[in-house]
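Reviewing the structure listed below.
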Amino acid sequence: MARTVAHVIVDALKDLGVQHVFGVVGDALNPLTDAIRTTDGLTWVGCRHEEAAAFAAGAQSQLSGTLGVCMGTVGPGSVHLLNGLYDAAKSRTPVLAVCGQVPLAEIGSDYFQEVDNDLLFRDVAVYRATVTSPEQMPRMLESAVRAAISRQGVAVLTVPGDLGDQELSDDRPARFALDRPVSRPDDPAVAEAAELLNAASRVTLLVGRGARDARTEALRLADQLAAPMVLTLKAKEGFEDDNCFQVGQTGLIGNPAAAHALDSGDVLLMLGTDFPYRDWYPKGCKVVQIDKCEEHLGRRVPVDVGLAGDVGATLRALLPLLKGTADRAHLVDARERFAHWQEGQQRLADPGHERRWTGKLRAALDNRDHEIRPEALAAAVDRYADEDAVFTSDTGMATVWLSRFVTMRGSRRLIGSYNLGSMANAMPQALGAQLWAPDRQIVAFCGDGGLSMLLGDLITIHTYRLPVKLVVFDNRRLGMVKLEQEQAGLPEFGTELHNPDFAAVATALGLTGIRVTDPADLHDSVRRAFGTPGPVVLDMLTNPEEIAVPGKPNVAQGWGFAIAKVKEVLSSHED
């Protein structure tokens, strides 16, 4: 008996090793979800919002390195996938979205809920197509999957509602041929890079996620060149632990040691990174960039030598050509600066730490006795979390505290919306991560604004009994926006959040809720949350006035912040 279009898709997903499909059921998806229902080894995960489904699928793809899958039904259901799919696209991770469509005969008639999916997903997808005949299968599915995996992006396959249960006249198994070759630059280009590096006196490395599989080669390189290693946020995983060359991150979430290491070098060597913030690149130095994506070369900073290829393979060709250096002053200086900065950060992580401000600014800038320092919360999570925990973080201040106080030691993993910068990603990514690794601890650093945006999918976590630990930095603010406004000299406006008791909400939804308002209860509460079976929402009331000073604060930022604080104090007195 010939299979239906729906069964061809579902059988192929199972053969590919896909274990979970995320989405919201409905109309055009009914043939597909029914095929999943009757297929062993493939589980339908019913979310409360398709955006959460797309984030969860993208999380599984980033963690596994394989295909993530989500589905959205006709019109609004598919539209809701869009933000999570943009996150997958910007993260360069393969995700297949199967979207419903109105019946074939109604396409183009402005039918109820009709949306042109091929147009809607034009910007986000490396492949998009609408199935209009059973005879197009499985060829069209093969093209979608190959495009997603080979181009590390999103593929969207649209299936009209009356097509999913139609049988194929010429049925055959899907074949994908997914071998991914490793490439490196030609020898003359490698030799040119070696010549430039050998002539340098102070080399600084900027290392990104694209170098994750080349840790051994990157450490050998840093040793030979006596080069400090500045990490992007996504390179914390894989390069932060047991690394005597790393000096942390740069950018707004970075530190002065990393900024100085970049600015004081005469050659910048970029490994597998497309770090986007041009203002944080050094000026007046030579630049060598290695990246497997040729279009990344030189698009952030002009490069003197661009090497298109796999980072590991390229470094294996480059290392024998390097002379090495006995002068380690550049590295030693960077590491000493980094250690000094870390000591200061650890003082901030002390729950009892008090700054010594005087006058009226103390009330505005100092911590209040009844509020918890976010630095202390992040440090406590780092202390008590498992050595193989998987962390997710919401965009904003939650990511800042994670980047500074959580170490990716052991086999810890880290994902977030670090390219798209979306709100509300941490909780649904944790959902997908827990299903991917049911025996590992999953810890989500949630902003209060982010968690409340997709709050409904706490029910999904309860439904599937997922033991995720959601740590809420409840400062009743859109904290990063507040900081942006104040640095620009503007008083805080529109950032205050009238939050519920998130622990009480969690309890009402069937999860364990723990609310903490006293710094003295910090460590016991974190231990309790991690030791409690099942899902936990740890609602921590943190100080909204805590700020994260960037690696290179400038006078304009400081002056703007001072002006903003004066305006806020005056406004408070008027009220």
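These numbers come from a predicted model, not from an experiment.
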pair Leu331-Pro228: side-chain heavy atoms closer than 4.5 Å: yes
Under 3.5 Å donor-acceptor, Asp474 side chain and Met540 backbone: no
Short N-O contact, Arg184 and Asp187, less than 4.0 angstrom: yes
Validation row: Trp436, Ser64 side chains within 4.5 angstrom (heavy atoms): yes
Side chain to side chain donor-acceptor pair (under 3.5 Å), paired with Ser201, selected from Asp266, Asp327, Thr325: Asp266
Listed partners of Asp386 passing side-chain contact (heavy atoms from CB on, under 4.5 Å), at least two apart: Asp388, Ala389, Gln441
Side-chain touch Arg373/Thr542, heavy atoms, less than 4.5 angstrom: no
More than 12 heavy atoms of other groups within 6.0 Å of Lys323 NZ: no
Side-chain donor/acceptor of Arg300 to backbone N/O of Arg278, under 3.5 Å: no
Leu470 side, atom CG; Leu451 side, atom CG - distance, nearest 0.5 Å: 6.5 Å
Side chain proximity check, Val95 to Leu85, heavy atoms < 4.5 angstrom: yes
Interatomic spacing from CD in Gln224 to CG in Leu322 - rounded to 0.5 Å: 5.5 Å
Partner of Ser417 under side chain to side chain donor-acceptor pair (under 3.5 Å), chosen from Thr399, Asn83, Asn425, Asp87: Asp87
Side-chain ion pair, Arg122 and Asp118, N-O less than 4.0 Å: no
Under 3.5 Å: donor-acceptor pair, side chain of Arg412, backbone of Thr407: yes
Exam field: side chain Glu240 to backbone Met408, donor-acceptor pair closer than 3.5 Å: yes
Taking every non-hydrogen atom, the tightest pair across Ala261 and Thr204: O-OG1, 2.6 Å
Asp291 (side chain) donor-acceptor with Cys293 (main chain) under 3.5 angstrom: yes
Residue pair Met229 / Phe239: nearest heavy atoms and the distance that separates them: SD-CD2, 3.9 Å
Check: Leu478 and Met423 side chains under 4.5 Å, non-hydrogen atoms: yes
Over 12 non-hydrogen atoms of neighbours within 6.0 angstrom of CD in Glu195: no
Short side-chain to backbone donor-acceptor contact, Asp457 and Glu50, under 3.5 Å: no
Short N-O contact, Lys482 and Glu486, less than 4.0 angstrom: yes
Glu217 bridged to Arg316 by N-O distance under 4.0 Å: yes
Closest non-hydrogen atom pair, Val247 against Asn255: O-ND2, 3.0 Å
Electrostatic pair Asp223:Arg328 at N-O distance under 4.0 angstrom: yes
Flag side-chain contact, heavy atom, 4.5 Å: Leu269 against Leu221: yes
N-O pairing of Glu237 and Arg209 below 4.0 Å: no
Side-chain heavy-atom pair Met270, Tyr281 within 4.5 angstrom cut-off: yes
OG1-CG distance between Thr314 and Leu271, expressed to the nearest 0.5 angstrom: 9.5 Å
Check: Val526 main-chain N/O paired with Lys469 side-chain donor or acceptor under 3.5 Å: no
Short side-chain to backbone donor-acceptor contact, Thr495 and Glu492, under 3.5 Å: no
Short N-O contact, Asp274 and Arg299, less than 4.0 angstrom: yes
Residues Arg409 and Glu387 bridged, charged N to O under 4.0 Å: yes
Gap separating the CD1 atom of Ile442 from the CE atom of Met427, nearest 0.5 angstrom: 14.5 Å
Pairwise side-chain contact, Val154 with Tyr127, heavy-atom cut-off 4.5 Å (strictly under): no
Check: Cys244 main-chain N/O paired with Arg335 side-chain donor or acceptor under 3.5 Å: yes
Spacing of Lys236 atom NZ and Asp241 atom CG [to the nearest 0.5 Å]: 10.5 Å
Residues, nucleotides or ligands: over 12 heavy atoms within 6.0 Å of Arg220 CZ: no
